[in-house]
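Comments concern the structure below.
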Amino acid sequence: MKVNWNYIKMVALFCLVVFLFAFASGRNSARLVTEPAITFTGEDNLFITNETVSKLLIQNYGGVKNVAKETLDLNKLENTLKSNPMIKSAEVYVAVNGTLNAEIEQKTPIARVSTNASYYIDDRGFYMPLSSNYSARVPLVTGFVEKNNLENIFKIATKIKNDEFLKMNVIEIHQNANNRLFLKLRQCKFLVQLGDLNLLDKKINNLKAFYQKNIKEKTLDNYSKVNLQFDNQVVCTKI
């Protein structure tokens, strides 16, 4: 009987591959996780620190250093990080060398509410707590503001964030009891009466035209109120 050595070699090679794969998988699963490597993406300003993120991981797993890789529930760790009101998104993974990596994207504040409570509104219109680590330079929000009804403030704050003129000049957004909006500008004595958000772009263009005309004539300090609520005109009250 003739022995088929090619067949035997193929079977032996296959068994060797299976053995090596099983050995590598077992060794990889048993690998101990090292100290977490935390990376922040997006803006450089840190509202939440590396220490805080590490504490969140430790509190959730009683410490993640020297824990077997196979025992980690990465989804659970990600959800723990995302539950923090400072964090917008989080990705947690373990590298081949056993390093636990956490990539964190913080929320971006666009306005700071200062009424009976103090907090930020982020760029998705959600609540964001103040940080003891960093204070954002964003417009202040005063007046009648409810944490569960931020739509008006979010819309005007977004407009301010995305418009260079407004971003440079608006320092305060005020909302009265009737949800009418007012703006205060940097180094200006007058109050801008915006009203509701209807025809917002038109109102802002009227404000820009008024501002540019009067800054050239050096007459901005002559007014106490600038009313943008009327169609195609700016109604001003002199001091």
Side-chain angles (χ1 to χ4, degrees), residues 43-47 86 106-239:
E43 296 186 7
D44 294 333
N45 303 322
L46 296 182
F47 297 96
M86 292 284 189
Q106 301 172 107
K107 290 183 178 180
T108 302
I110 59 173
R112 176 173 176 166
V113 176
S114 181
T115 54
N116 58 334
S118 295
Y119 54 91
Y120 291 120
I121 299 172
D122 74 4
D123 58 356
R124 296 183 296 176
F126 298 137
Y127 163 86
M128 175 182 173
L130 301 184
S131 169
S132 59
N133 195 52
Y134 181 80
S135 182
R137 296 185 63 181
V138 292
L140 197 65
V141 180
T142 60
F144 293 81
V145 183
E146 298 176 348
K147 195 181 291 186
N148 60 351
N149 185 18
L150 298 172
E151 184 177 358
N152 271 6
I153 302 297
F154 170 63
K155 286 181 179 178
I156 187 60
T158 301
K159 181 68 177 176
I160 292 168
K161 177 180 179 290
N162 295 328
D163 185 288
E164 285 303 319
F165 170 81
L166 297 178
K167 188 175 182 179
M168 183 181 299
N169 290 287
V170 176
I171 58 173
E172 183 178 333
I173 304 165
H174 180 83
Q175 181 172 256
N176 68 14
N178 296 318
N179 291 330
R180 293 293 185 265
L181 295 170
F182 301 80
L183 304 177
K184 286 186 180 179
L185 305 186
R186 193 182 312 277
Q187 297 180 345
C188 289
K189 296 178 181 178
F190 59 81
L191 186 67
V192 178
Q193 191 169 347
L194 194 63
D196 58 32
L197 293 174
N198 291 329
L199 303 174
L200 180 59
D201 288 341
K202 193 175 203 178
K203 291 176 180 178
I204 297 304
N205 288 335
N206 287 342
L207 174 61
K208 290 178 181 178
F210 166 83
Y211 186 93
Q212 295 301 331
K213 177 180 182 297
N214 284 274
I215 200 169
K216 286 180 181 178
E217 298 174 358
K218 298 182 180 179
T219 54
L220 283 175
D221 289 341
N222 294 348
Y223 303 99
S224 62
K225 185 182 291 184
V226 174
N227 194 335
L228 304 174
Q229 295 183 98
F230 302 98
D231 247 359
N232 299 317
Q233 59 181 322
V234 178
V235 179
C236 304
T237 304
K238 286 194 173 183
I239 296 175

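Nothing here was measured: the structure is a model prediction, and the numbers come from that model.
Of all the heavy atoms in Asn227 and Gln193, the pair that sits closest is ND2-OE1, 3.5 Å. In terms of heavy atoms, Asn133 sits closest to Ser131 at N-OG, 2.9 Å. Minimum heavy-atom separation, Thr142 to His174: OG1-ND1, 2.9 Å. Between Thr115 and Val141, the closest heavy-atom pair is CG2-O, 4.2 Å. Nearest approach of Arg112 to Ser135, heavy atoms of both residues: NH1-OG, 3.4 Å. Shortest non-hydrogen contact noted between Gly125 and Leu150 is O-CD1, 3.9 Å.
Inter-residue side-chain proximity for Ile121 and Tyr127 is flagged as unmet; no heavy-atom pair is nearer than 4.5 Å. Side chains of Ser224 and Lys189 form no contact here, defined as non-hydrogen atoms less than 4.5 Å apart. Side-chain contact check for Leu181 versus Ile173: some heavy-atom pair is nearer than 4.5 Å. The shortest distance between side-chain heavy atoms of Val145 and Asn116 does not fall below 4.5 Å. Contact of the Phe210 side chain with the Leu220 side chain is registered, since non-hydrogen atoms from C-beta on lie closer than 4.5 Å. Contact annotation: the side chain of Gln175 approaches that of Asn152 to within less than 4.5 Å [non-hydrogen atoms, C-beta and beyond]. Leu185 has its side chain within reach of Tyr211: a pair of non-hydrogen atoms, C-beta onward, lies under 4.5 Å apart. The shortest side-chain heavy-atom distance between Ser114 and Leu140 falls under the 4.5 Å cut-off.
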**Asked** Given the rule in the side-chain contact (heavy atoms from CB on, under 4.5 Å) test, do Lys203 and Asp196 qualify, once you have shown the distances and angles that lead to the verdict?
**Response** CA-CA 10 Å; Lys203 291 176 180 178; Asp196 58 32; 3.2 Å; yes
**Message:** Please determine whether side-chain contact (heavy atoms from CB on, under 4.5 Å) holds for the pair Leu228 and Val234, giving the CA-CA distance in whole Å, both sets of side-chain angles, and the decisive distance to 0.1 Å.
**Reply:** CA-CA 5 Å; Leu228 304 174; Val234 178; 3.9 Å; yes
**Message:** Apply side-chain contact (heavy atoms from CB on, under 4.5 Å) to residues Asn198 and Leu200 and explain how you reach the verdict.
**Reply:** CA-CA 5 Å; Asn198 291 329; Leu200 180 59; over 6 Å; no
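Under the 3.5 Å distance criterion, with hydrogens and angles disregarded, a donor-acceptor pair is assigned to the side chains of Asn214 and Thr219.
Rounding to the nearest 0.5 Å gives a distance of 9.0 Å between CG of Leu194 and CZ of Phe182. Separation of atoms CG (Asn169) and CD (Gln187) is listed at 9.0 Å; rounding is to 0.5 Å. A distance of 7.5 Å separates CG in Leu207 from CG in Leu183, rounded to the nearest 0.5 Å. Atom CZ of residue Arg124 and atom CD1 of residue Ile110 lie 11.5 Å apart, to the nearest 0.5 angstrom. To the nearest 0.5 angstrom, Ile204 atom CD1 is 11.5 Å from Leu199 atom CG. Once rounded to the nearest 0.5 Å, the distance linking OG1 of Thr108 with CE of Met128 reads 7.5 Å.
Residue-environment remark: CZ (Arg137) stays at or below the threshold of 12 foreign heavy atoms within 6.0 Å. Around atom NZ of Lys167, no more than 12 heavy atoms belonging to other residues, nucleotides or ligands sit under 6.0 Å away. More than 12 heavy atoms of other residues, nucleotides or ligands lie within 6.0 Å of CD in Glu217, so this atom counts as buried by the packing criterion.
For the pair Lys107 and Tyr120, the cation-pi criterion (under 6.0 Å, within 45° of the ring axis) is not fulfilled. A cation-pi contact, defined as under 6.0 Å to the ring centre and within 45° of the axis, is absent between Lys225 and Phe190.
For the salt bridge (charged side-chain N to carboxylate O under 4.0 Å, His left out) test, residues two or more places apart in sequence or in another chain that qualify with Lys208 are Asp163. Partners of Tyr134 according to the ring-ring contact (aromatic ring centres under 6.0 Å, His included) rule, which considers only residues two or more places apart in sequence or in another chain, are Phe47.
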Identify all side-chain donor-acceptor contacts of residues 155-162 below 3.5 Å with residues at least two apart in sequence or on another chain.
unit_1, atom_1, unit_2, atom_2, d
Lys155, NZ, Glu151, OE2, 3.1
Thr158, OG1, Phe154, O, 2.7
Lys159, NZ, Asp201, OD1, 2.6
Asn162, ND2, Thr158, O, 3.2

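A salt bridge is absent between Asp221 and Lys238: the closest approach of a Lys/Arg side-chain nitrogen to an acidic carboxylate oxygen does not fall below 4.0 angstrom.
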